[in-house]
Number of protein chains: 2
Amino acid sequence: MSGAQRARLAVAGSDRKLGLLQREIGDRAESEKLDLGHLDQHLGYFVRRLQVMIFRDFIRTLAPMTLRPAQYSVLLLIEANPGSSQAAIGRALGIERARLARLLHDLQGRGWIERRAVNGDARSHALFLRAEGSRALARSKKLAVRHEQQLAKFLGAKRWQSLMELMRSFG
Amino acid sequence: MSGAQRARLAVAGSDRKLGLLQREIGDRAESEKLDLGHLDQHLGYFVRRLQVMIFRDFIRTLAPMTLRPAQYSVLLLIEANPGSSQAAIGRALGIERARLARLLHDLQGRGWIERRAVNGDARSHALFLRAEGSRALARSKKLAVRHEQQLAKFLGAKRWQSLMELMRSFG
DNA sequence: TATTGTTATACTCTATAACTATA
DNA sequence: TATAGTTATAGAGTATAACAATA
């Protein structure tokens, strides 16, 4: 870790949430740092560490709603694409239909979504947010925005923006 | 997905491995694409999708060695830092000591690593590669290089390089 | 035959707690 | 008290397979 990064983290440490983010990245004494060896040639290593860090902060920030990343992403897609089938949602998010079935059962149990019969294909269920689900999602979005702000502050606004552009350019 | 990306993927599709990578990203008909909604404001979503894609290709490419990403990273760190303790390896990679204990037991069962007593602290085990482990790691590295080449080709060399620089600049 | 949704199983990874043996 | 390592358990996520109903 560079001196500049440590300085930024020291400032970030004054915020409780960012303090937690700091600990996640593994802020050990310089003397204890091990050589990554060939690992620093692998994008997957860095992407995985970043992903774990981001998800931990997301889960912690969204804890008041008891909502995990996959659940949140499904709610957002139902909101943006009301009436979609499970198969369409699962394909769009890369979630196995078997897992999505259980996930939706949980959200239905909360009264947040409903499944309606579809005209023309008795196999499909059309997914919709219920009023309670819309309210819960609105509250969740506020927390998700806070999470994203924490992340941008931690990564640095410039680095966050660069990563977003690169990721979006790929899809 | 842009037209340019589809064109590149069509070319990449001539390679068997890249063809698999292509399918992973969810290459559906344009008409079936759903709106991501607020999800495209979240870096975590893109990072997660990329990480899953990368790990799938890694696992598939390293299948001849039956080696998963976490196991490979541990072998690399032992190689680069012979004599390190489990605690040090775990902290460096962000692996819980409980999980690392089982992971190392597996690698020891293959005859790839050994644990030696440490002078001065009877609690610690010093970790080393055995000859068979070094040979296995050498073979694994060749496959890992192939994986990384496939990834760079799939992402585009420029995007791969930009991501690497951003990730390394953060640590 | 293929697709939609469901249930079930196995495995990996994460998060804890409890325990021992050392320091 | 704290640390190093181990064992155990619970939950999330992934990967399959099998099945019923429907196309």
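Throughout, protein chains are lettered first and strands after them, A, B, ... in sequence-line order, and every chain is numbered starting at 1.
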Undergrad: Can you give me the N/O atom pairs linking the protein to nucleotides 20-23 of chain D at distances under 3.5 Å, or say none if there are none?
TA:
unit_1: dA23(D); atom_1: OP1; unit_2: A122(A); atom_2: N; d: 3.0

Undergrad: Rounding to a whole Å, what distance do you find between R56(B):CZ and dA15(D):C1'?
TA: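 Rounded to whole Å, this separation is 9 Å.
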Undergrad: If the cut-off is 4.0 Å, is Q86(B) near the phosphate of dT6(D), judged by side-chain N/O to OP1 or OP2?
TA: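 Looking at the OP1 and OP2 atoms of dT6(D), one of them is under 4.0 Å from a side-chain N or O of Q86(B).
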Undergrad: Mind checking what makes salt bridge (Lys or Arg N to Asp or Glu O under 4.0 Å) contact with D35(B), not counting sequence neighbours?
TA: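 Counting only residues at least two positions away or on another chain, D35(B) forms no salt bridge (Lys or Arg N to Asp or Glu O under 4.0 Å).
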Undergrad: I need the CG-C1' distance between L103(A) and dG13(D), as an integer number of Å.
TA: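 So the two atoms are 11 Å apart, to the nearest Å.
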Undergrad: For L43(B), does its backbone N or O pair with a side-chain atom of E148(A) as donor and acceptor, under 3.5 Å?
TA: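 Checked: pair present.
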Undergrad: What's the CD-P distance between E96(B) and dG11(D), to the nearest Å?
TA: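 Going from E96(B) (CD) to dG11(D) (P), I get 18 Å.
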Undergrad: Check whether any side-chain N or O of R99(B) sits under 4.0 Å from OP1 or OP2 of dA8(D), and answer yes or no.
TA: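 No, no such contact exists.
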Undergrad: Between R68(A) and dG11(D), is there a contact of a side-chain N or O with OP1 or OP2 at under 4.0 Å?
TA: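 The answer is no; no side-chain N or O of R68(A) sits under 4.0 Å from OP1 or OP2.
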Undergrad: Judged by each residue's nearest nucleotide on DNA chain C, which is more toward the 5′ side, A70(B) or A87(A)?
TA: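 The residue mapped nearer the 5' terminus is A87(A).
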Undergrad: Return yes if some donor-acceptor pair links the side-chain N/O of Q41(A) with the main-chain N/O of H38(A) below 3.5 Å, else return no.
TA: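 No, the answer is negative, given that no donor and acceptor are paired below the 3.5 Å cut-off.
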Undergrad: What is the separation between atom CZ on R60(B) and atom C1' on dT14(D), rounded to the nearest whole Å?
TA: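 Those two atoms, CZ and C1', are 14 Å apart.
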Undergrad: Where does the chain B footprint on DNA chain C start and end, counting 5' to 3' with a 4.0 Å heavy-atom cut-off?
TA: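 Terminal contacting nucleotides, 5' to 3': dT12(C) to dA23(C).
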Undergrad: When all nucleic acid strands are considered with a 4.0 Å heavy-atom cut-off, which category describes H125(B): base, sugar-phosphate, or nothing?
TA: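 Sugar-phosphate, no base atom in range.
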Undergrad: Going by side chain to side chain donor-acceptor pair (under 3.5 Å), name the residues that satisfy it together with E165(A), two or more places apart in sequence or in a different chain.
TA: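 For E165(A) the side chain to side chain donor-acceptor pair (under 3.5 Å) partners, ignoring immediate neighbours, are Q161(A).
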Undergrad: Taking the basic N atoms (NZ, or NE/NH1/NH2) and the acidic carboxylate oxygens, is any pair closer than 4.0 Å for D106(B) and R110(B)?
TA: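 Here D106(B) pairs with R110(B) in a salt bridge, since their nearest N and O are under 4.0 Å apart.
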Undergrad: Let me know the distance between CD of Q71(A) and C1' of dG11(D), rounded to the nearest Å.
TA: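 After rounding, the gap between these two atoms is 12 Å.
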Undergrad: Distance check needed: dA15(D) P versus F55(B) CZ, whole Å only.
TA: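 About 12 Å, once rounded to whole Å.
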Undergrad: Rounded to whole Å, please give me the gap between CG in L127(B) and C1' in dA4(D).
TA: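 From L127(B) CG to dA4(D) C1': 12 Å.
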Undergrad: Just the rounded figure in Å: distance from P of dT16(D) to CD1 of I59(B).
TA: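 Rounding to the nearest Å, CD1 of I59(B) and P of dT16(D) are 10 Å apart.
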Undergrad: Would you list the pairs meeting side chain to side chain donor-acceptor pair (under 3.5 Å) in which at least one residue belongs to residues 126-142 of chain B, sequence neighbours left out?
TA: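 Of all non-adjacent pairs touching residues 126-142 of chain B, those that pass side chain to side chain donor-acceptor pair (under 3.5 Å) are E79(B)-K141(B).
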Undergrad: Is there a donor-acceptor contact under 3.5 Å from the side chain of R159(A) to the main chain of L155(A)?
TA: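 Yes, because the side chain of R159(A) sits within donor-acceptor range (under 3.5 Å) of the backbone of L155(A).
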Undergrad: For the pair R91(B) (side chain) and K33(A) (backbone), establish whether a donor and an acceptor sit closer than 3.5 Å, ignoring hydrogens and angles.
TA: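 No, R91(B) side chain to K33(A) backbone: no donor-acceptor pair under 3.5 Å.
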Undergrad: Out of F154(B), F46(B), W160(B), which residue meets the ring pair (Phe, Tyr, Trp, His ring centres under 6.0 Å) rule with F170(A)?
TA: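 Result: among F154(B), F46(B), W160(B), F154(B) is the only option passing the ring pair (Phe, Tyr, Trp, His ring centres under 6.0 Å) with F170(A).
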Undergrad: Any side chain to side chain donor-acceptor pair (under 3.5 Å) involving residues 112-124 of chain B? Give me the pairs, sequence neighbours left out, ordered by first then second residue.
TA: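 Qualifying pairs: Q86(B)-R115(B), Q108(B)-R115(B), E114(B)-R116(B), D121(B)-R123(B).
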Undergrad: Go through dA18(D), dG5(D), dT16(D) for me and flag the one nearest to the R97(A) side chain.
TA: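 Out of dA18(D), dG5(D), dT16(D), the nucleotide with an atom closest to R97(A)'s side chain is dA18(D).
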Undergrad: With a 4.0 Å cutoff (strictly under), does any side-chain N or O of R102(A) reach OP1 or OP2 of dT14(D)?
TA: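 No, R102(A) has no side-chain N/O under 4.0 Å of OP1/OP2 on dT14(D).
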